[in-house]
Amino acid sequence: MRIASWNINSVRLRIGHLARFVDLAKPDVLCLQEIKCREGEFPRNAFADMGMRHLHIVGQKGWHGVAIISKHRLERLPCPPLCPSEEARTAAVQVKGLVIQTLYVPAGGETPDPATNPKFAHKLAFLERMKAWYRGAGSNLVLTGDLNVAPGEHDVWSHKQLLDIVSHTPVETEALEAVRIGGGFTDLARAQTPPPAKLFTWWSYRNHDWAASNRGRRLDHVWASGDVAAGLKASQVFVETRGWERPSDHAPVMVTLR
DNA sequence: ATGGTCGCTAAGCGA
């Protein structure tokens, strides 16, 4: 079973990239973040043409929004109540007996200080809810998404230069590790590609030559608990999508599980 | 220290 996760930054604008990715990677289940549309605006027919006919869409007007799309029949589950402001940032399904969730953690703004930056306070509150929600969550769970935290020193282009940059501050990386360990999750990308290998899934639009400078961060994750983690066969970041015309700033991650 | 680029939806906001 192949499970992919991609922050697509507008599903309507990048439906062509999605078709190209599905053709290339052939995921069974595709989790999307930042779809940036309402449920009724989602390009269902284009996914049906790709053979992905089963959808769970959690959208809102213009911003955020997540979806889980599958080749196989899925059962919709309640959205994990992780967002204090109830934005469309979580979705959960069951596919072939496996629970798959996707999250879009708030980015957190510019200043890593919850006292002066409400967006950072919102992010920390979201991470705290995750910690409580996933503690002892049980096994056979797959958690995917744009978690907006690069947890390890090899998950950013420069650990030292990013220690005070939102997404890599100690308060965030420690919170995310606490979520992962408390929930009994394995970080599948790192199980496959251990440090000190660098691993990135996001490169800023503000960098003119993203490939040459390679100032990336690993913000997108696939975690699994229990027997599912033990069935890991492969994990891959499709870096090449970042070089496609008018790309998302995130590249997709895909795991293969037995 | 600063500014750099996107996508939304109609001037800025969030990323």
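For clarity, every value in this text was computed on a predicted model and none was experimentally measured. Order of the sequence lines sets the chain letters (A, B, ...), proteins ahead of strands, with each chain counted from 1.
Note that A/R218 lies outside the cation-pi zone of A/F200, set by a 6.0 Å cut-off to the ring centre and a 45° limit from the axis.
Applying the 4.0 Å criterion to OP1 and OP2 of B/dG7, one finds that A/R12 has every side-chain N and O outside that range. Taking only side-chain nitrogens and oxygens, A/H208 never comes nearer than 4.0 Å to OP1 or OP2 of B/dG4. Of the side-chain N and O atoms in A/S10, one or more sit less than 4.0 angstrom from OP1 or OP2 of B/dC8. Between A/R206 and B/dA15, a side-chain N or O to OP1/OP2 separation shorter than 4.0 Å is absent.
A/Q101 is not listed as a side-chain neighbour of A/T90, based on a closest heavy-atom distance of 4.5 Å or more.
A/Y104 has its OH atom 12 Å from the C1' atom of B/dC8, to the nearest Å. Rounded to whole Å, the distance from CD on A/E110 to C1' on B/dG3 is 11 Å. Between the P atom of B/dG7 and the CD1 atom of A/I35 lies a distance of 16 Å, rounded to the nearest Å. What separates CG of A/N207 from P of B/dT5 is a distance of 11 Å, to the nearest Å. Atom C1' of nucleotide B/dC6 and atom CH2 of A/W63 are separated by 10 Å, given to the nearest angstrom. In this structure, CG of A/N9 is placed 7 Å from P of B/dC8, rounded to the nearest angstrom. If you take CD of A/Q33 and C1' of B/dA15, they are 14 Å apart, rounded to a whole angstrom. At whole-Å resolution of the value, NE2 in A/H250 and P in B/dG7 are 13 Å apart.
Ring planes of A/W223 and A/F185: tilted class, angle from 30 to 60°.
On the P atoms, B/dA15 is 24 Å away from B/dA1, given to the nearest whole Å. Between B/dG14 and B/dA10, the distance separating the two C1' atoms is 15 Å to the nearest Å.
Judged by closest nucleotide on DNA chain B, A/R14 is the one of A/N148 and A/R14 placed further toward the 5' end.
In the model, A/D146 has no side-chain atom that pairs as donor or acceptor with a side-chain atom of A/W202 under 3.5 Å. When only modelled atom types and interatomic distance are considered, A/H168 and A/H159 share a side-chain donor-acceptor pair under 3.5 Å.
Side-chain proximity of A/H64 to the nucleotides B/dA15, B/dG4, B/dC13 is greatest for B/dA15. Distances from the side chain of A/K36 to the nucleotides B/dA15, B/dG4, B/dG7 place B/dG7 closest. When distances run from any side-chain atom of A/K61 to the nucleotides B/dA10, B/dC13, B/dG4, the shortest one goes to B/dA10.
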